[in-house]
Enquirer: 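Would you mind keeping the following structure in view while I ask a few things?
The structure displayed is predicted, hence computed values, not measured ones.
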Amino acid sequence: MCMLAEHMHWYIKTPLFPIQSLYDSWSLNNILGIHCNKGRSLKGCNTSEMAYIEEYHKNTSKVLENIAAHPEHGYWAPTCVDHGYVWGMLYSPDYEIPMHSNNTIDKTLLPWSQKKPGNHRYMDRGVWPDNKPCSDFSTPLLQAE
């Protein structure tokens, strides 16, 4: 259990800023054994799969809030079906919390890393697909320039 973030964060002295999907596609497939997600969509999931996925979503939200109980920690957690957030996603308006807020990964992580005062906890409060830009798998991702 010491390898799980929900347990090990208590022993880390360095401030943490997890960037974590509340519907992590790798976890859905490899931990929960649910394979109904296609791209960034959960449209193919049935009612019982969605209930299980929503329980995962609630648990992930709670873990992130527990991690951020430490005043120096922050987080960025969208209701997107993804696993990693790098390259074009860092700056993309498809990935903002809340949607259309300009709170992209780069614009939230940088002030936190510079220890600027303010909110450093960004989590979508709805459920999939409430954050429309990152939930619509038919919309291509915008690439960073």
Side-chain angles (χ1 to χ4, degrees), residues 1-10 12 14-113 116 118-145:
M1 289 182 43
C2 64
M3 293 303 296
L4 300 174
E6 64 188 293
H7 302 291
M8 75 175 172
H9 75 91
W10 297 110
I12 298 173
T14 305
L16 300 174
F17 192 95
I19 297 171
Q20 175 65 46
S21 172
L22 298 174
Y23 296 90
D24 184 83
S25 57
W26 187 91
S27 296
L28 295 179
N29 293 322
N30 296 291
I31 295 174
L32 300 182
I34 296 175
H35 304 282
C36 57
N37 57 302
K38 303 292 182 233
R40 297 186 281 163
S41 178
L42 297 174
K43 291 178 186 174
C45 302
N46 65 38
T47 304
S48 63
E49 289 168 326
M50 282 306 297
Y52 200 43
I53 290 169
E54 282 308 320
E55 189 64 29
Y56 170 83
H57 164 235
K58 288 177 193 173
N59 290 337
T60 302
S61 300
K62 185 185 295 184
V63 166
L64 287 171
E65 288 172 345
N66 287 339
I67 289 171
H70 188 285
E72 292 184 6
H73 296 342
Y75 55 74
W76 189 90
T79 55
C80 309
V81 180
D82 282 304
H83 179 61
Y85 292 100
V86 294
W87 308 114
M89 295 175 180
L90 288 174
Y91 312 100
S92 174
D94 282 352
Y95 292 89
E96 298 173 336
I97 300 173
M99 66 179 171
H100 309 304
S101 67
N102 206 30
N103 293 324
T104 56
I105 298 170
D106 69 312
K107 290 187 179 137
T108 57
L109 183 58
L110 183 61
W112 172 83
S113 68
K116 291 187 176 178
N119 176 36
H120 300 298
R121 293 168 176 88
Y122 298 88
M123 182 184 301
D124 276 331
R125 295 299 172 186
V127 297
W128 184 91
D130 288 350
N131 190 327
K132 300 291 184 211
C134 72
S135 298
D136 184 4
F137 68 96
S138 64
T139 303
L141 289 174
L142 299 176
Q143 296 299 312
E145 296 180 9

Enquirer: State, yes or no, whether a side-chain contact exists between L22 and L64 at a heavy-atom distance under 4.5 Å.
Expert: yes
Enquirer: Is there a donor-acceptor contact under 3.5 Å from the side chain of W26 to the main chain of G84?
Expert: no
Enquirer: Out of curiosity, Y122 OH to I105 CD1, how far, rounded to the nearest 0.5 Å?
Expert: 13.0 Å
Enquirer: In Å and rounded to the nearest 0.5 Å, what is the OG to CE distance from S101 to M99?
Expert: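 Nearest 0.5 Å value for the OG-CE distance: 10.0 Å.
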Enquirer: Could you tell me the separation between the OG atom of S25 and the CZ atom of R40, rounded to the nearest 0.5 Å?
Expert: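 Taking OG in S25 and CZ in R40, the distance rounds to 11.5 Å.
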Enquirer: Between Y95 and Y85, how do the two ring planes meet: parallel, tilted or perpendicular, split at 30° and 60°?
Expert: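 It falls in the perpendicular class, over 60°.
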Enquirer: Looking only at heavy atoms, what is the nearest atom pair of S135 and P129, with distance?
Expert: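 Heavy atoms only, the tightest pair is OG-CA, 3.4 Å.
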Enquirer: T60 versus D24: any side-chain heavy-atom pair under 4.5 Å?
Expert: no
Enquirer: E96 versus P133: any side-chain heavy-atom pair under 4.5 Å?
Expert: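 Not touching, per the 4.5 Å side-chain cut-off.
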Enquirer: Any chance you could measure Y75, atom OH, to M123, atom CE, to the nearest 0.5 Å?
Expert: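 Rounded to the nearest 0.5 Å, the OH-CE separation comes out at 4.0 Å.
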Enquirer: Look up atom CG in L90 and atom CD1 in I19, then write down how far apart they are to the nearest 0.5 Å.
Expert: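 Here the interatomic distance stands at 7.0 Å.
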Enquirer: If every non-hydrogen atom of I34 is compared with every non-hydrogen atom of N29, which pair is closest and at what distance?
Expert: O-OD1, 2.8 Å
Enquirer: Is there a donor-acceptor pair closer than 3.5 Å between any side-chain N or O of D124 and the backbone N or O of G126?
Expert: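 Between the backbone of G126 and the side chain of D124 there is no qualifying donor-acceptor contact (under 3.5 Å).
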Enquirer: Given the rule in the side-chain contact (heavy atoms from CB on, under 4.5 Å) test, do W76 and I97 qualify, once you have shown the distances and angles that lead to the verdict?
Expert: CA-CA 8 Å; W76 189 90; I97 300 173; 3.5 Å; yes
Enquirer: Is any NZ, NE, NH1 or NH2 atom of the basic residue among K58 and E65 found under 4.0 Å from an Asp or Glu carboxylate oxygen of the other?
Expert: no
Enquirer: Provide the closest heavy-atom pair for V81 versus L42 in the form atom of the first, atom of the second, distance.
Expert: CG2-CG, 3.6 Å
Enquirer: May I ask you to test the S92-T104 pair for a side-chain heavy-atom distance under 4.5 Å?
Expert: no
Enquirer: Is there a donor-acceptor pair under 3.5 Å between the side chain of S21 and the backbone N or O of C80?
Expert: yes
Enquirer: Write down the atom of W128, the atom of S41, and the distance for their closest heavy-atom approach.
Expert: CZ2-CA, 3.6 Å
Enquirer: Listing request: all ring-ring contact (aromatic ring centres under 6.0 Å, His included) pairs with a residue in residues 31-71, at least two apart in sequence or in separate chains.
Expert: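 Non-adjacent pairs meeting ring-ring contact (aromatic ring centres under 6.0 Å, His included): Y23-H57, H70-H73.
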Enquirer: Measuring only between side-chain heavy atoms, which start at C-beta, is N37 closer than 4.5 Å to I53?
Expert: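 Counting from C-beta outward, N37 and I53 never come under 4.5 Å.
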Enquirer: With distance as the sole test, does Q20 use its side chain to make a donor-acceptor pair with the main-chain N or O of A77 at under 3.5 Å?
Expert: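 The answer is no, because no donor-acceptor pair under 3.5 Å joins these two groups.
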Enquirer: Considering non-hydrogen atoms only, spot the tightest contact between G74 and P18 and give its length.
Expert: O-CD, 2.9 Å
Enquirer: Locate the shortest heavy-atom distance separating E72 from W112; write the atom from each residue and the value.
Expert: O-NE1, 2.9 Å
